[in-house]
Structures are given as structure tokens and as C-alpha cells.
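Structure first, then comments.
Protein chains get the first letters and strands the later ones, always in sequence-line order, with residue 1 at the start of each. For the numbers below, each heavy atom of this structure counts, side chains included, while hydrogens, waters and symmetry mates do not.
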Number of protein chains: 2
Amino acid sequence: MTTETTTGKRPGGRSAAVLVAVKRALEDLMAERGSDRVTIPMVAERAGVNPTSVYRRWGDLPSMINDIATYRLDPNRPMADTGDLREDLTSWTAEFVRHYSIPANAALLRAGAATAGETETDCLRNRRAEAGVILDRFGGDGPVSAEDIIDHVIAPIVYRVIYQPHTLSDATAPKLVNFLMGTR
Amino acid sequence: MTTETTTGKRPGGRSAAVLVAVKRALEDLMAERGSDRVTIPMVAERAGVNPTSVYRRWGDLPSMINDIATYRLDPNRPMADTGDLREDLTSWTAEFVRHYSIPANAALLRAGAATAGETETDCLRNRRAEAGVILDRFGGDGPVSAEDIIDHVIAPIVYRVIYQPHTLSDATAPKLVNFLMGTR
DNA sequence: GGGGAATTGCAAAAATCGTTGCTTTAGCGA
DNA sequence: TCGCTAAAGCAACGATTTTTGCAATTCCCC
């Protein structure tokens, strides 16, 4: 993420500072303790912000978590473009794995799962879009579809992040991409 | 699940009624709102039970969720054994999909994800064991491993349950198993 | 710079949650 | 049927969370 996605009417200066402070505090607390065991007053105190501000801006914790989970992983970051589909996918996937190897990010993902319901988090939706971008470079009618990428690359990683974080490694990305593309 | 898991000293009549009412109330509420956004007083009211009873029996919400999640998917149910690996896997997978197509079960899975940390839920751990059982029937050294099944069958389904429940259908199981076994 | 509006901070009130002691209900064995 | 006791209900309390009204700050646009 680069800067602020504050869609509100006053994105600059202090509001932004509060936003950043709260975001960091929330991430830290969620990584330290579970996504349960975190309360708004707690976050506010850690952020050095008045609880009222938090309440007014987000209302409650689940909303806050969903909103803040949005910030992750810069949507405009450059993606590898080597001319080789497998290679591009692998480095893109590796970055995804690396991102969720950071405890704070993993905690955010797990917490988001609880409230997920009907809509993917923005973070995951962005991954889907990126998968589309990569595929489009290669004509879009290759051996795999965006849905395949979600099912067989993103999903296994998400599963591991949630239930078996210790099984994530540098080998994960190439392994999954290889399976996806048919080399076993 | 069969009937009551009430291990207490007085399983009959009223206690059982309370247990069932609370269980139903909790499942309903978790399906309606997220597993967050549910409180014990809320559950008690919906169940027509005094909050104190709930507090005394379970203590807090996570414990309650864990306890009630025990009900899921009979571990001793018979599994298809047709002599054909693909067919066995498909029907086993279809049952998994069917189970999590029920909103209450999906809500429970999402809730479990939020608190997962290091350990899979019992339900998922059992699925892993079953995958092993099926593979063992066929010598255990076939084209796929238990890990492959987790990555490419279970994980995509779990992902959909959590983030895109409406994409689950009767076609999901055969599609994933076919991909797993190399027919595309 | 200066005006208007959004946002924050502060403080007090209101609501909610979770606990505890006690009373009442009702299952279970004799 | 009766007594014992586990479990549920009730009421009051303290602690924490959440809301709300108002003053002070500070950002954006002219």
C-alpha cells in the first residue's frame, strides 16, 4: 500500500495520521492476542487516540477489521513480466506467500474470515484481479483460468495461513504453480 | 451427530432442552450476523433462556462455539468404496460440499477460522484423516498424496465457504477431483 | 491568509456485559 | 411418592464499553 485510501472528504494531515496510528495499533494487537481479545478502547489507547474518534469513524470492531484489511498489498505495485507465464505466476504467488507470512497480515486474514459472509475482502478480490491481468498478457485462453488460480494457488495458501501457518515456505509457491500448470 | 453430547450428570429433560435451544440460537445468530457481532446475552434471549445459565455452562463465547462445533459430520459414517479412486473421492468431496452448504455449518467454519491459530478445527482434521483412509485403500502410492487433497480439494472448498458461499454447487466436487487427478 | 466544515478531544451519561449470592424449579434414584 | 441435588431463574452489583453533547483543533478551498 502506498498512502491513504481515505475516501472521506478530508484525507490529509491529521485524519490520516490517526488512521495510520489506529491501523498499526490494530494490527499489532491482533497479532499479539487473537482477533478476539481485542477491544476498541484497547486499540485507541495503543494508538494514542481518543476512543470516541474510533467509534465515530468505524462503529465497531468487525467493520474496522474489514476496512483496514483493505490496505494491504499495494494494488499498484509492479508485477513480474518475464514473458514466461509460469515464472510470472510463481513470483506473484511467492509475494503473496511472503505477505501472509507476516503475523500481522495473517491475523488480519483470519479475522476477516469471521465476518466474511458474502463478499471477499478487498485484498483477496484484488488478487483475483491481478490473476486476470497476468493471464491476459498471455492471450487469456491458456491452459488455466483465473478461477483455477484461485482454487489451486490462492485457496491452498489461504488455507495454510489460517490453519497451518508453519507449513508455508519458499517451496510453497513453486509447488502450487507447478501443480496448477500440470508438471507433477 | 446422533443426539445429545450432554456429558453432564443430568442429561434429561430441561437441561437438554436448554442445550438444544442455545445451540440453535447460536447457529442461527452466527449465520445471520458474523460470529463476531454475537454476544452471550443475545444468544440467551433468542434461546429464551436466562443469560446466567449460559455463562455458567460455557463461560464465554469461544468455548461455546468450540463445544457446539462438536456436533458436525459423523466421523463414523460409511464412506463410498467403489473400487475406483476417482469415484470414491468425488462422492466423499460432494458430501463435504453438501455439509458446508448449510449456512449454520458455514458460519461455524468461519468462526473457527478466526480463532484457528495453530490447530485445525476437529472437523477439518477429520477430513484429513479420511483422505488418508481413502488413499490407503489404493496402496497409498498413487498419483496423489493426502497433502494434494488438502491443497486442491479441501482448501478450495473452504475458501469458497468462507468468501464465496454462492459459488458452491453440485459441480464443485467433480470439477475439483478431476483437476486433482489430471483430467482437464 | 481567512472562512466554513469536518474531525478530534474531553467529559459525563447511558447501556451492556459478566459476576455473584440466593431462591426456585425439576430430574433422578430410592 | 419423596428427598436430594444439579441446574435454571432472578436480582443486584461492579466493571467495561459505547453513546452523546459541546468545545477546540485543523484541514481544504477561496
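Among residues two or more places apart in sequence or in another chain, the salt bridge (charged side-chain N to carboxylate O under 4.0 Å, His left out) test is passed with B/E87 by none.
Taking 4.0 angstrom as the limit, A/S53 places a side-chain polar atom (N or O) nearer than this to OP1 or OP2 of C/dG9.
Distance from the side chain of A/Y55 is smallest for D/dT19 among the nucleotides C/dT8, D/dT19, D/dC10. Candidate nucleotides D/dG9, D/dT17, D/dT26 were compared by shortest atom distance to the side chain of A/T39, and D/dT17 ranks first. Side chain of B/T52, nearest nucleotide from D/dC10, C/dC17, D/dT18: D/dC10. In this structure, the nucleotide among D/dA8, D/dT25, D/dT17 sitting nearest to the side chain of A/P41 is D/dT17.
Summarising the geometry, atom OG belonging to A/S35 is positioned 9.5 Å from atom CG belonging to A/L26; distances are rounded to the nearest 0.5 Å.
Exactly one of B/T90, B/T82, B/L89 qualifies for a side-chain contact (heavy atoms from CB on, under 4.5 Å) with B/R86. That residue is B/T90.
Rounded to whole Å, atom C1' of C/dC17 lies 19 Å from atom CZ of B/R37. Remark: P of C/dT16 and CE of B/M42 are 10 Å apart, rounded to the nearest angstrom. Taking atom CD of residue A/E45 and atom P of nucleotide C/dC10, one finds them 13 Å apart after rounding to whole Å. Spacing between atom CG of A/N50 and atom C1' of D/dT25 amounts to 13 Å, rounded to whole angstrom units. If you measure from atom CH2 of A/W58 to atom P of D/dT19, you get 15 Å, rounded to the nearest angstrom. Going from atom CD1 of B/I40 over to atom P of D/dT17 covers 16 Å, rounded to whole Å. One interatomic measurement links the two molecules: CZ of A/R14 to P of D/dT26, which rounds to 5 Å at whole-angstrom precision. Rounded to an integer number of Å, the gap from CG of A/L19 to P of D/dC27 is 14 Å.
Side chains of B/S145 and B/D148: a donor on one and an acceptor on the other come within 3.5 Å.
The base of C/dG9 does not come close enough to the side chain of A/R57 for any donor and acceptor atom to sit less than 3.5 Å apart. Remark: the B/R56 side chain and the C/dG18 base include no donor-acceptor N/O pair separated by less than 3.5 Å.
B/Y159 and B/Y163 have tilted rings, their planes meeting at an angle from 30° to 60° on a 0 to 90° scale.
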